[in-house]
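Lettering of chains follows the sequences in order, A, B, ..., and the numbering in each one begins at 1.
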Amino acid sequence: MAKKIQSIRGMHDVLPEQTPLWQYLEQTVRDTLARYGYQEIRMPIVEVSELFSRAVGEVTDIVEKEMYAFTDRNGDRLTLRPEGTAGCVRAGIQHGLFFNQQQRLWYTGPMFRHERPQKGRYRQFQQIGVEAFGIASADIDAELITMTANLWQELGLKNVHLELNTLGDNQSRAIYRKALIDYFSQYNEQLDSDAKNRLHSNPLRILDSKNPKMREIVANAPDLYDYIDAESKAHFTELCHRLDTLGIAYSINSRLVRGLDYYSRTVFEWITTDLGAQGTVCAGGRYDGLVEQLGGRATSGIGFAMGVERLVSLLEDQADSVALNRLDAYLIMAGEEAQLAGMQLVEQLRQALPQLRILANCGGGSFKAQIKRADKSGATFALILGSNEVRDKTITIKSLRQKVAQESIAQDKVESFLSSTI
RNA sequence: GUGGGUGUAGCUCAGCUGGUAGAGCUCCGGAUUGUGAUUCCGGCGGUCGUGGGUUCAAGCCCCAUCAUCCACCCCA
């Protein structure tokens, strides 16, 4: 045998057993987005590398060590997209979607990050992203969050909770950043290696440190909320008020700092404890400076992304998974005559009943084998066509799921029989 | 990038202090010339992840490598 070729590390096939659940999830999300008036946009998977270094931030982990970047035949530096917002903003600017307009957009597709795979984290993974442009007020923040809450309800997801924070506008964030660097620099000797690395790249991350020795230093660090501008505070208060009014529960987590540079003001995460270490199922925030930063006219924006693999994994764990993609009938054909007659009959049925899901036996096999296949297919009924039936122009219908006697009916009655049961 | 666990049939796994491989399920056929979750019988199926090394002899010991799982880091 020739050498086997395997899929690339961290990039997995979604097998037929799994796809019904994926389709169910995707369809539910699609429907929900449509009900809120969001429109789909489709972007390329490959973009110039500069787009991500400018949007996501030069010193983020994503850009520094996780990008699938390569040089194409023209010598251009290209990257397999590590996230969707940058490409969406690029497309919006390129096609003039943001000029004095509001846009509510969504997209889905694979993203790529060269990380060490683990539960809920893969090198190629699927995201569903949602972005709203041109609306600066907190009502859109509330709408997006409410929409996700409704989606969890629609999907029957339990054990997800919402965490909220505000980072202030870009200016106050810059001032706070400097204050943090000044503060931590005093303790340079006591900082662990992680903290030293982050000191000038992303000092906000030091606040997150799990090292107990660092905690004492962190405890007395400047407080983010002392640096936040009045407008951002008002924005955040307004958002919380709206969520309260809508009955959406949340907790405020002042340590919640997103890993991408473009966020400002509102950030949020939906988190579950049912998935191991990678518990964030949906996360996002406001990025009011991004459009301008990428060369468009200043436009506010806010968005989030859901991790499809993580949601699928929650759905399969959470008991009430649905019976999906069920077959209505399996056609058994015994003998040469029956095979020819059966193929004609089944095509007639498919034309007459577009909803009908019927699988016709192929590849022969004994009668017994065909019955076994019919059972295994999960079909509700077996339709049996043998020489007797061909001769009498009948078909035998056997229920595979209920203990009722099989019956033989005229072939021209099958259509009405099936249409009344599916 | 760092650490730990695991790689034996399509799937789930046995395999003793080293003596060149086994079960269950699946699939195909038969017992039952046209009736499926039961029973019985038979059959298909493996360069033991890959490459080296030690040994008279390696699935087992040693080294390397790849994949996978989990965690750290980080993130959806």
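Backbone-only contact: A:Ser366 has heavy atoms under 4.0 Å from sugar-phosphate atoms and none from a base. In this structure, A:Gly84 reaches neither bases nor backbone, as no heavy-atom distance under 4.0 Å exists between it and the strands shown. Using a 4.0 Å heavy-atom cutoff across all strands shown, A:Ala283 reaches sugar-phosphate atoms only and no base atom. As judged by a 4.0 angstrom heavy-atom cut-off over every strand, A:Arg373 is placed among residues touching the sugar-phosphate backbone only. Across all strands, A:Tyr122 comes closer than 4.0 Å to base atoms (heavy-atom distances). Within 4.0 Å (heavy atoms only), A:Gln124 reaches no atom of the nucleic acid at all. Here A:Glu269 lies out of heavy-atom contact (under 4.0 Å) with every strand. Base engagement by A:Ile384 is indicated by at least one non-hydrogen atom pair under 4.0 Å involving a base atom. Note on A:Gly129: nothing from the nucleic acid sits closer than 4.0 angstrom, heavy atoms only. Using a 4.0 Å heavy-atom criterion, one finds that A:Ala382 contacts no nucleic acid atom at all. Counting non-hydrogen atoms under 4.0 angstrom, A:Lys376 reaches the backbone sugars and phosphates but no base. Within the 4.0 angstrom heavy-atom criterion, no nucleotide atom of any strand lies near A:Val308.
Ion pairing between A:Arg121 and A:Glu115 holds under the 4.0 Å rule for side-chain N and carboxylate O.
In this structure, a donor-acceptor pair under 3.5 Å is present between the side chains of A:Glu131 and A:Tyr107. A donor-acceptor contact under 3.5 angstrom links the side chains of A:Glu316 and A:Gln18, judged on distance only. A donor and an acceptor atom, one from each side chain of A:Ser408 and A:Glu389, are nowhere located under 3.5 Å apart.
In this structure, A:Lys368 atom NZ and B:C41 atom P are separated by 15 Å, rounded to whole Å. What separates CD of A:Glu115 from P of B:C72 is a distance of 13 Å, to the nearest Å. Put simply, CD on A:Gln402 is 22 Å from P on B:U35, counting in whole angstrom units.
A 6.0 Å sphere centred on CD of A:Gln355 holds no more than 12 heavy atoms belonging to other residues, nucleotides or ligands. Within 6.0 Å of atom CD in A:Gln102, more than 12 heavy atoms from other residues, nucleotides or ligands are found, so the atom counts as buried in its surroundings.
For the pair A:Lys119 and B:A71, the criterion of a side-chain N or O lying under 4.0 Å from OP1 or OP2 is not met. Phosphate proximity of B:A71 to A:Gln118: present, with a side-chain N or O under 4.0 Å from OP1 or OP2.
Rounded to whole Å, the separation between the P atoms of B:C27 and B:G4 comes to 42 Å. Taking atom P in both B:U50 and B:A21, one finds a spacing of 16 Å when rounded to whole Å. The gap from the P atom of B:U26 to that of B:C11 amounts to 15 Å, rounded to the nearest Å. The separation of B:A58 from B:G36, taken at their C1' atoms, amounts to 47 Å, rounded to a whole angstrom. Rounded to a whole angstrom, the distance from the C1' atom of B:G45 to that of B:C25 is 13 Å. With both ends at atom P, the span from B:A67 to B:G42 equals 43 Å, rounded to whole Å. The same atom, P, is picked in B:A31 and in B:C48; the two are 38 Å apart, to the nearest Å.
Side chain A:Gln370 to base B:U35: no donor-acceptor pair is found below 3.5 Å. Within 3.5 Å, a donor on the side chain of A:Glu389 pairs with an acceptor on the base of B:G34, or the reverse. Looking at A:Arg116, its side chain has no donor and acceptor atom pair within 3.5 Å of the base of B:C69. The base of B:U35 sits within donor-acceptor range of the side chain of A:Lys398, with an N or O pair under 3.5 Å.
Place A:Arg9 and A:Asn388 on RNA chain B by their nearest nucleotides, and A:Asn388 ends up nearer the 5' end.
Here B:G34 is the nucleotide among B:G34, B:A76, B:A71 with the atom lying nearest to any side-chain atom of A:Thr396. In the set B:A76, B:U35, B:A37, the nucleotide with an atom closest to the side chain of A:Lys372 is B:A37.
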